[in-house]
Amino acid sequence: MRGSDEVEDTRIHVIVASAATTATTSSTQKSANFMAEKKKSMRARYAYGIIFLIPNLCAWIVRDYGQMIQPQLHYLKSCGTNGRDCVHTLGVLRVSFGCFIYFFVMFLTTFRTRKLFENRNAWHSGWWTSKFFMLIVSLVVPIFFPSDFIQLYGELARVGAGIFLLLQLISVIQFINWWNKYWMRDEEQKQSCSLGLFMSTLFYIASVCGLVYMFASYGTKSSCSLNIFFISWTGILLIVMMAISLHSKVNRGLLSSGIMASYVIYLCWSALRSEPSNEKCYKLKAANENGDWTTIVSFLIAICAIVMATFSTGIDSESFQFRKDEVKEEDEIPYKYEFFHLVFSLGAMYFAMLFISWNLNNSARRWSIDIGWASTWVKIVNEWFAATLYVWTLISPAVKKSKVVNYEDAVGQQRI
């Protein structure tokens, strides 16, 4: 009897061990499948970046070299007399509208996707032949739309491009805050803190050098009073941001304000660079008017910058979550697909505005991008708004804390 009991116990142990091994193997296999799907999803982001680059290049070709195909478009009623409504400014808007349609359809078809093994996840991360065909159709169909409709889209694209700039700005500020926390953690990590102070010093030196350079290049003449105002106001913004950041109730240190100072300097410089080339406030502009190699390289870098800005904003969905402490499960998607595609659809509107310099009536000069007074003012307003939003992120915790303290004091007095 005892021997049979021992045999039975051994069988039970073997069965339990086998079940545990099977469960462990199954769990390991599931984890491997989840990792494979996540890698596939992460690789898909770069494919969408390439897809977004294609309409950018098409918009450039239509704007700068559209006259070569213009005679062949005269038979299309939507393209107007001699096909002029399908090239230059309206041609850029048609390409942009096609790109917008493509990514907005992707937004709708991936909306509220949460798990890796949903059909919508497979659609987002695969089916590339079908999606490439859909891209071609999306770029071709707007050619047949009436010009009045495309003009209306151009007006809406201004709003969409503004929203894109706002999302990009929030993403940049969140990145600056993350960088500040990474380099300036606490007093115990003295090496990290010292490195943070060193980096903040570099950023402030770069900002001051940027101000000096802009004054020397764009504000040397009394006739350039608007440029002098832009640069001087930028310097005032830097001082205000630094003073608020060092205030005892804020106490955010110099690193975040130093990084933001450099970003604001860049926005101001970019705005001054966008001034029309016939202005005489920048002596080197006239030499770069005729499409020399520096202009061409700058143009290509600008196109890549558009794609990178859209890509980096699209993958930064965490900056726009109301709850930052959500714990992701193993089978959840690595980033929000609907937000990713929505940003790309807004990015389509943004690149259209850059190619036509935010002006629906005039076509931009060849090999130029984002040049004109409209572009200049958009960037200046973006700079001022960036500084305002950053200052609010500095003072909002102190304001909320003050309100809580005042509320608690009022409650305490009522109890007394």
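Every value quoted in this text rests on a predicted model; they were computed, and no experiment measured them.
Counting all heavy atoms, side chain and backbone alike, Gly160 lies closest to Leu346 at O-CD2, 3.8 Å. Between Asn121 and Thr113, the closest heavy-atom pair is N-CG2, 3.9 Å. Taking both residues in full, the closest heavy atoms of Met106 and Met134 are given as SD-CE, 3.8 Å, listed atom of the first, atom of the second, then distance. Across Gly154 and Met353, no two heavy atoms sit closer than the pair O-CE, 3.8 Å. Residues Ala386 and Leu169 share a closest heavy-atom pair of CB-CD1, 3.2 Å. Nearest heavy-atom pair, Ser375 versus Trp358, reported as atom, atom and distance to 0.1 Å: OG-CD1, 3.4 Å.
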For residues 92-101, run the donor-acceptor check on the side chains, cut-off 3.5 Å, and write out each pair with its distance to 0.1 Å, sequence neighbours left out.
unit_1	atom_1	unit_2	atom_2	d
Arg94	NE	Asp85	O	2.9
Arg94	NH1	Pro142	O	2.7
Arg94	NH1	Ile143	O	3.3
Arg94	NH1	Phe145	O	2.8
Arg94	NH2	Ser78	O	3.1
Arg94	NH2	Asp85	O	3.3
Arg94	NH2	Phe145	O	3.4
Arg94	NH2	Ser147	OG	3.4
Ser96	OG	Tyr153	OH	2.7
Ser96	OG	Ala348	O	2.7

Practice prompt. Could you please spell out the steps behind the side chain to side chain contact (heavy atoms under 4.5 Å, CB included) verdict for Leu238 and Leu211?
Written response: CA-CA 10 Å; Leu238 301 190; Leu211 279 175; 3.8 Å; yes
Fill in: Full working for side chain to side chain contact (heavy atoms under 4.5 Å, CB included) between Met242 and Leu246
CA-CA 6 Å; Met242 181 178 68; Leu246 291 176; 4.1 Å; yes
Practice prompt. Just do the side chain to side chain contact (heavy atoms under 4.5 Å, CB included) check on Ile51 and Trp128 with the steps written out, would you?
Written response: CA-CA 10 Å; Ile51 289 174; Trp128 295 111; 4.0 Å; yes
Discussion item. Working note: Trp60 + Phe351, criterion ring pair (Phe, Tyr, Trp, His ring centres under 6.0 Å); need CA distance, chi angles, decisive distance, verdict.
Written reply: CA-CA 10 Å; Trp60 160 59; Phe351 84 67; over 10 Å; no
Worksheet item: After noting the C-alpha distance and the side-chain angles of Ser125 and Lys40, does the key distance pass the side chain to side chain donor-acceptor pair (under 3.5 Å) rule?
Response: CA-CA 6 Å; Ser125 304; Lys40 188 177 179 181; over 6 Å; no
Practice prompt. Could you walk me through whether Trp373 and Asn359 pass side chain to side chain contact (heavy atoms under 4.5 Å, CB included), step by step?
Written response: CA-CA 9 Å; Trp373 281 114; Asn359 193 335; over 6 Å; no
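Ser274 and Thr376 form no side-chain donor-acceptor contact under 3.5 Å, judged by distance and modelled atom types alone. Side-chain atoms of Tyr102 and Ser345 form no donor-acceptor pair, as typed in the model, at a separation below 3.5 Å. With no hydrogens or angles considered, a side-chain donor-acceptor pair links Tyr390 and Ser256 at under 3.5 Å. Residues Thr110 and Trp123 bring no donor and acceptor atom of their side chains to less than 3.5 Å of each other.
For the pair Gln168 and Thr310, the minimum side-chain heavy-atom distance is 4.5 Å or more. Annotation: side chain of Met214 is in contact with side chain of Ile265 (closest heavy-atom distance under 4.5 Å). Side-chain contact between His88 and Ile356 is absent, with no heavy atoms from C-beta onward closer than 4.5 Å. A heavy-atom distance below 4.5 Å is not found between the side chains of Phe385 and Leu165. Residues Thr234 and Leu267 are not in side-chain contact: their nearest non-hydrogen atoms beyond the backbone lie 4.5 Å or more apart. Under the 4.5 Å side-chain criterion, counting only non-hydrogen atoms from C-beta, Val391 is in contact with Met241. Within the 4.5 Å cutoff, no side-chain heavy atoms of Leu90 are placed close to those of Leu360. Taking the side chain as every heavy atom from C-beta outward, Phe104 and His341 never approach each other to under 4.5 Å.
To the nearest 0.5 angstrom, Met42 atom CE is 11.5 Å from Ile333 atom CD1. Separation of atoms OG (Ser207) and CG (Leu237) is listed at 12.0 Å; rounding is to 0.5 Å.
For the ring-ring contact (aromatic ring centres under 6.0 Å, His included) test with Phe230, the passing option among Trp269, Phe215, Tyr218, Trp377 is Trp377; the others fail.
The pair Lys336-Glu338 does not meet the salt-bridge criterion, since no charged nitrogen lies less than 4.0 angstrom from a carboxylate oxygen.
Environment of CZ in Phe229: crowded, with over 12 heavy atoms of neighbouring residues, nucleotides or ligands closer than 6.0 Å. The environment of Phe133 atom CZ is sparse: at most 12 non-hydrogen atoms of other residues, nucleotides or ligands sit within 6.0 angstrom. Heavy atoms from other residues, nucleotides or ligands lying under 6.0 Å from CH2 of Trp127 number 12 at most.
Using a distance-only test at 3.5 Å, with no hydrogens or angles considered, a donor-acceptor pair links the side chain of Ser262 to the main chain of Phe203. In this structure, Glu275 contributes its side chain and Ala271 its backbone to no donor-acceptor pair below 3.5 Å.
Between Tyr335 and Tyr337, the ring-plane angle classifies as perpendicular under the 30° and 60° cut-offs.
The aromatic ring centroids of Phe344 and Tyr48 lie 6.0 Å or more from each other.
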